[in-house]
Amino acid sequence: MAETAKRAKMEISDEVAIDIRQMNKWYGTFHVLRDINMTVNRGERIVICGPSGSGKSTLIRCINRLEEHQQGKIVVDGTELTSDLKNIDKVRSEVGMVFQHFNLFPHLTILENLTLAPIWVRKTPKREAEEVAMHFLGKVKIPEQAHKYPGQLSGGQQQRVAIARSLCMKPRIMLFDEPTSALDPEMIKEVLDTMIQLAEEGMTMICVTHEMGFAQAVANRVIFMDQGQIVEQNEPKEFFNNPKSDRTKLFLSQILGH
Amino acid sequence: MTETSSFYVRSEMIAQQKPPMSQVGAVRWMRENLFSSPLNTFLTLASIYVVYFIVTLIGPWLMRSVWDANSLQECRQIAGAKYGEGVEGACFALIRERWNQLLFGFYPRDLYWRPVLAFVLMLVALAPVLFSGLPRKMLWFSTVYPAVGFWLLWGGSIWLPISIVAGLAATGYIAMVLAARSGLLIGTLVAVAAFILIFFAPLRELFQSAMETILPFAITKMQSDDLGGFMLSLTIGISGIVFSLPIGILLALGRQSDMPLVKIICVGFIEIIRGVPLITLLFTASLLLNYFLPPGTNFDIILRVIIMVTLFAAAYMAEVVRGGLAALPRGQYEAADALGLTYWQAQQHIIMPQALKVSIPNIVSNFIGLFKDTTLVIFIGLLDPLALVSAIRADTAWSGTYWEPIMFVGTLFFIVCFSMSRYSMYLEKKLKTDHR
């Protein structure tokens, strides 16, 4: 089958991209992440799912330190996340993130949105940064929108711009925080297509999403979280067809029920 | 419509047609906007009456204005001869005779070119700041303009402003090099040390006096008493406006800082300055500030007032900017962080452009308020336009005039404030990119 052939191309190496050990996090007194252990190898495509409030978003936001963890250890690309600002900036420039609400910069054109970080963080010359930006805009199939402002684009287009903006930094890991949750149904596909394309090119990806079709198509591992803990993880086929824990079964029956 | 059927297919599309006559024209506009209801009709008629009343009250007075006379007495005679005994007209001869005083105070007449040149250069310096279409290199002139303007207005040796600019540039350079090499904190600390060394130790004076003996160049030195009139208002107002915005931004950021000490200092500063009337600060400037300065420094009273007005405006500005910052969604900060931008990069490119854009109307309101507040310096004995109006009215030749000088001063203030308001609208329109 074509799908399996494609998936065979998406190779997973032995190199560890992200290593999380015994990580705990609290919001005030609320224990939001409990004893998280997780290793992501380079080239892996991981989907994290779970009911709302289960800590999925918080978990991936800890990986680029938008949230601070209080216990345990997070090592991203060989750099441990501590309060050292240099390490944080280093990790952030290697890890791209796509948000639920796009978070494009509304006062800048699409092209400026894409070139800002390469120019100021990577010190890329402006012209070169613009070439790279146009390349990635072409890749997400909206090069003609380069000189418009985010407010003039549809939701799906904005999210593709947001993906391109992350890619312009040439990240080694991409984090997706519910990238399709704020989109109209007919726009979800265009964003998912872009993500699938990215996966096929071997990007290391962690996606928090409720798109189970996406999980089945590209993920090599699905992680189910509940109450701040990893409850179950498995390869997609096993996960969907043969869930082990009762929480997972209940969750799957609720989202796949109709 | 003889048949009812749910099945229908349009066979031809209807072309666009002109609206009926009742939907266009002046009559329709009037009916809709002026006489749409009994209440509106009443309001329209009442408004027309008010306008008529004001015009008939002021119009003839303005029309019968006298421009050529040497005293109010003469004005009245001329108006009486022309329009009949007892008829009053505006006596603008006063403005004609005293306009220079209202504009320049007691600045020597033969040196008027200096404030005029300073004013023209100020427009040149402001232009690239206000209009982004102009060449960016002009900003270099804008940066040194405060020294140029100071020198033109106050005069004295040219080496005083040059040594100050050179000292600041050296301090800034040291800070930048050190910040790049060994971090922002050390850079700032050394820069502060260098600043104190250069300005409060005899280093700068040494440089100045050395240069004065090598290459003396000076223009007539003015005392603060010589500066007055609208020129004084502009000097204090524009300086306050230009310096209060950056200080206000830093205070607003400091107030949001995670560092408790920075936060306490900024909050304390803002609350104390805002909690005190401007007059109090001006009295502080005129009476108390000298006690805090090193003995022997004779700090110009106008400069002291500028510092106080700037601090006062900065405290308000900080709160306005904070409002703008609060209006930004968290996602903007997160996106900037996630892309690896540093704090200052994010502020410069993402946060401030948006926060300031939201705050433009409030910022400009503050500017306008600040500019008008400069007339308060009358209470510490500076000759602002209103003080000069009183002085002129105390002159026997013109005592009894009331409206004319006030109208003149009011017009000057209105022109400046209205320009600011228009500029802010232009800016808002230009920066509107959200397309909501």
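To find a chain, count down the sequence lines: A is the first, B the second, and so on, and within it residues start at 1.
The number of heavy-atom neighbours closer than 6.0 Å to CZ of Arg127(A), taken from other residues, nucleotides and ligands shown, is 12 or below. The environment of Lys429(B) atom NZ is sparse: at most 12 non-hydrogen atoms of other residues, nucleotides or ligands sit within 6.0 angstrom. Applying the 6.0 Å contact sphere to OH of Tyr173(B) captures no more than 12 heavy atoms from other residues, nucleotides or ligands. Atom CH2 of Trp140(B) has 12 or fewer heavy atoms from other residues, nucleotides or ligands within 6.0 Å. Few gaps surround NZ on Lys430(B); more than 12 heavy atoms of other groups in view lie less than 6.0 Å from it.
When the candidates Lys90(A), Arg61(A), Arg65(A), Glu94(A) are compared by the number of heavy-atom contacts under 4.5 Å with chain B, Arg61(A) comes out ahead. Of all the listed residues (Asp89(A), Leu66(A), Asn64(A)), the one sharing the greatest number of non-hydrogen pairs under 4.5 Å with chain B is Leu66(A).
Between the CG atom of Asn103(A) and the CZ atom of Arg330(B) there is a distance of 10.5 Å, given to the nearest 0.5 Å.
Contact annotation: the side chain of Leu341(B) approaches that of Val121(A) to within less than 4.5 Å [non-hydrogen atoms, C-beta and beyond]. At least one side-chain heavy atom of Leu116(A) sits less than 4.5 Å from a side-chain heavy atom of Ile350(B). In this structure the side chain of Leu431(B) never reaches within 4.5 angstrom of the side chain of His107(A), judged on heavy atoms. Side-chain atoms of Met97(A) and Glu334(B), non-hydrogen and from C-beta on, never get closer than 4.5 Å to each other. Between Pro106(A) and Gln332(B) the shortest side-chain heavy-atom distance falls below 4.5 Å. Contact annotation: the side chain of Phe105(A) approaches that of Leu339(B) to within less than 4.5 Å [non-hydrogen atoms, C-beta and beyond].
Taking both residues in full, the closest heavy atoms of Arg165(A) and Ala335(B) are given as NH2-CB, 3.6 Å, listed atom of the first, atom of the second, then distance. The minimum heavy-atom distance between Ala338(B) and Phe99(A), with the atom names listed, is CB-CZ, 3.9 Å.
For Val98(A), no part lies near chain B; criterion is any non-hydrogen pair under 4.5 Å. There is no contact between Ile88(A) and chain B, counting heavy-atom distances below 4.5 Å.
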